[in-house]
Amino acid sequence: MIPWLLLLPLSSPVLVAAAAVDKTFGVGPDAIAKYTPLKSGNWKCLDGSKEIPWEFVNDDSCDCPDGSDEPGTGACPNTNFYCKNEGHIGLYIPSSRVKDGLCEVECCDGSDERPGVCPNLCKEIGEAYRKKRDEERKIQKTGSKIRSSYITFAHKEKKRLEASIETLTQEIEVKEKEVARLRDIAERTESLSQAALEHKQQSPLYKSLIDHSNALKSLRREHFKHLEREKALGDILTALRTGYNPNYQDMAVLEAVRGWEELAGLPHINDVGKDTTEETTAKEEEEAKEEEGEKEEPEEGMWDAGRLEHGLDVLLNTDYTSLLLEHEEHIQSPSEDSIIYDLTAYLPDSLIPQYEAVKETLVSWLRMLGVIRGEDNTAADSSRAHQALTDAETNLATMKNEKKTAEEDVAEIFDVEGFGAEGEWKKLDGLCLEKNTGDYTYEVCLFEEAKQKPNNGGTTFSLGRFDSWNPSPDVKAGSPEYYSKQVYKHGTRCWNGPERNVVLLLTCGTENALLTIQELEKCEYQFTGTTPALCLPLDGEKGNGNGKKDEL
């Protein structure tokens, strides 16, 4: 039986009505209000260029220059068709793909083709999409809380570094004064003649200090000998205490054991492990208090055992020559550089030549009579003074370098090209991630270096050191895309090839981990991984830029 529609002429109004397309078919929700006829019955193209009859909209014939009259037919080039995709997400596809006989993934409801060509899969696709989206949102929410803790760490680290800088600044000021003092001593020691230094070292104070130093060294040596002897005797008595047989009732051995136990504060060997009564415990506590009361209290200024052990070496290494010079400066003792040498500062210029002649004659007589010593151009041994100065200068330079490094670290913590505007990457500085691929273990220490380490012996190769974040010119510094890529360059050169390099691609995740390793080209590696540092707060949730975080 032939369908009755085929019996109708092609121009039949019934066929025209059946083939007619809804005027808003293929129109997106943002423009659907614009697809209404004017009072005149016409419709204005969206670019405002002309009016056409309302019937011409979606009639499969392109009438508007911008193609806006055919949103659902694909008759006009360079236009888009909107798939409603109820149950999923509405999407646009190029109008050229409408009614091409192919089922588009973006158009899961099949509305881009004639009825019956493509099945409506939006329910299934929508459910899978929402499940995946919820999982991703869960990961992002958890990751954003971890990221928040990273931000808190950055603020604490900034405060710590600032406190360190302040402390170093104060220590540098003190050390600079010490260096100036030691430099003055070194210069005076160097300019001082050997004879003059030897004369100063004949000072009774200097000789007494040397004697005291030698006595301390001797006492320390004898003390160590006694300690070694005491330890040896203690080992002998301990062996006797644990190994003698009390059944022999040897009183001499028993007295020796009892005496050692009392001296060493040990319980009697036969009482070890027995229950102690309250009466015995009270008695022992009372005896302990009596013993503590009988201990000799050290006099004021005396050193305890701990200070003797750790501070005596420092005391014995004192530079007594420098100490002597400081002492003379402190008491302002007279020296050869008396007013007879400095009087020129108070004379008129015209009298200075006559004064110099008289001074030379007078000094010559005094030397002949032995009143003052002759000059000795032999330089004094100033090695210890110079060594002290060198050590102090080295220490000062180290402090200044530490301060400079700390200042650079502070500036980098919240730098968008450093550890991020919120400092979220500072926590990961130096964190090493690894991925075992069987023959090799690949490692990347964030912001430092990437390596390839053989698992069965062989050479470890550098794959490059951290060079930059995403260097693409179309990516804005500080954006999520900017932090999603790290570049490591100038690794070990390949045999007959270029230097090894790594591009690390990162996404949001609850863990800092490497996922995949690929060598895309010779010596050009691509790593992928996850990190909570890329997990921004979900829409509607505020970030914790002030360093505060939600509890996990």
At their closest point, which heavy atom of [X] faces which heavy atom of [Y], and how far apart are they?
X      : Y      : answer
Gln452 : Pro454 : O-CD, 3.9 Å
Pro498 : Lys522 : CG-O, 4.0 Å
Ile517 : Leu514 : CD1-CD1, 4.3 Å
Glu422 : Ile151 : O-CG2, 3.5 Å
Ile139 : Gly509 : CG2-CA, 3.9 Å
Cys535 : Gly143 : CB-C, 3.4 Å

| query | Should the ring pair Tyr525 and Tyr442 be called parallel, tilted or perpendicular, given that the plane angle runs from 0 to 90° and is split at 30 and 60? | reply |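 Because their plane-to-plane angle lies in the 30° to 60° range, the rings of Tyr525 and Tyr442 count as tilted.
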| query | Where does the angle between the aromatic ring planes of Phe414 and His155 fall among parallel (under 30°), tilted (30 to 60°) and perpendicular (over 60°)? | reply |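 Rings of Phe414 and His155: tilted, 30 to 60°.
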| said: Under the rule for side chain to side chain donor-acceptor pair (under 3.5 Å), what residues qualify as partners of Tyr483, not counting sequence neighbours? | reply: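 Residues passing side chain to side chain donor-acceptor pair (under 3.5 Å) with Tyr483: none at all.
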| task | Return the set of residues passing side chain to side chain donor-acceptor pair (under 3.5 Å) with Lys231 (not counting sequence neighbours), or none when no residue passes. | result |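 Residues passing side chain to side chain donor-acceptor pair (under 3.5 Å) with Lys231: Asp235.
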Hey, does [Y] have a side-chain heavy atom less than 4.5 Å from the side chain of [X]?
X      : Y      : result
Lys427 : Phe419 : no
Gln486 : Phe447 : yes
Cys494 : Arg500 : yes
Arg147 : Pro537 : yes

To the nearest 0.5 Å, what is the distance between [atom1] ([X]) and [atom2] ([Y])?
X      : Y      : atom1 : atom2 : result
Arg160 : Ile165 : CZ    : CD1   : 9.5 Å
Gln387 : Leu182 : CD    : CG    : 11.5 Å
Arg221 : His226 : CZ    : NE2   : 11.0 Å
Glu434 : Cys445 : CD    : SG    : 8.0 Å
Leu396 : Asn401 : CG    : CG    : 9.5 Å
Leu433 : Asn512 : CG    : CG    : 6.0 Å

| request: List the steps and the verdict of side chain to side chain contact (heavy atoms under 4.5 Å, CB included) for Trp425 and Glu412. | output: CA-CA 10 Å; Trp425 294 93; Glu412 195 176 20; over 6 Å; no
Under 3.5 Å, is there a donor-acceptor pair between the side chain of [X] and the main chain of [Y]?
X      : Y      : value
Ser148 : Ser144 : no
Thr531 : Leu534 : no
Thr398 : Thr394 : yes

| Counterpart residues, side chain to side chain contact (heavy atoms under 4.5 Å, CB included), relative to Thr528 (two or more places apart) |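 Expected list: Leu505, Leu515, Thr516, Gln526.
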| Electrostatic pair Lys403:Glu171 at N-O distance under 4.0 angstrom |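 No.
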| query | Does a salt bridge link Lys225 with Glu228, judged by any charged N lying under 4.0 Å from a carboxylate O? | reply |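 Judged by the 4.0 Å cut-off on N to carboxylate O distance, Lys225 and Glu228 do not form a salt bridge.
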| query | So Val444 and Val502, side chain to side chain contact (heavy atoms under 4.5 Å, CB included) or not? Walk me through it. | reply | CA-CA 9 Å; Val444 57; Val502 170; 5.9 Å; no
Output side-chain donor-acceptor pairs under 3.5 Å for residues 459-470, partner residues at least two apart or in another chain, one line each.
residue	atom	partner	partner atom	Å
Ser462	OG	Glu449	OE2	2.7
Ser462	OG	Gly464	N	3.3
Arg465	NH1	Glu449	OE1	3.1
Trp469	NE1	Gly418	O	3.0
Asn470	OD1	Ser472	N	3.1
Asn470	OD1	Ser472	OG	2.9
Asn470	ND2	Glu481	O	3.2

| field | Criterion side-chain contact (heavy atoms from CB on, under 4.5 Å) against Lys175, the qualifying member of Glu178, Glu173, Lys177 | value |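 Running side-chain contact (heavy atoms from CB on, under 4.5 Å) over Glu178, Glu173, Lys177 with Lys175 returns exactly one hit, Glu178.
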| field | Partner set under salt bridge (charged side-chain N to carboxylate O under 4.0 Å, His left out) for Lys158, not counting sequence neighbours | value |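 Per chain and number, Lys158 pairs via salt bridge (charged side-chain N to carboxylate O under 4.0 Å, His left out) with Glu162.
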| said: Under the rule for salt bridge (charged side-chain N to carboxylate O under 4.0 Å, His left out), what residues qualify as partners of Glu166, not counting sequence neighbours? | reply: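 Listed in chain order: nothing, the list is empty.
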| request: Carefully, step by step, assess Leu504 and Leu446 under the rule side chain to side chain contact (heavy atoms under 4.5 Å, CB included). | output: CA-CA 10 Å; Leu504 173 60; Leu446 301 178; 3.8 Å; yes
| query | Going through the distances and angles, do Lys156 and Lys426 end up as a side chain to side chain contact (heavy atoms under 4.5 Å, CB included)? | reply | CA-CA 11 Å; Lys156 290 181 178 178; Lys426 178 62 179 175; over 6 Å; no
| task | Check the pair Glu407, Lys404 against salt bridge (charged side-chain N to carboxylate O under 4.0 Å, His left out), reporting the backbone distance first and the verdict last. | result | CA-CA 5 Å; Glu407 290 173 338; Lys404 181 181 178 182; over 6 Å; no
| message | Surrounding CD of Glu408 (heavy atoms of other residues, nucleotides or ligands, distance under 6.0 Å), is the total greater than 12? | response |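 Count over threshold, so yes.
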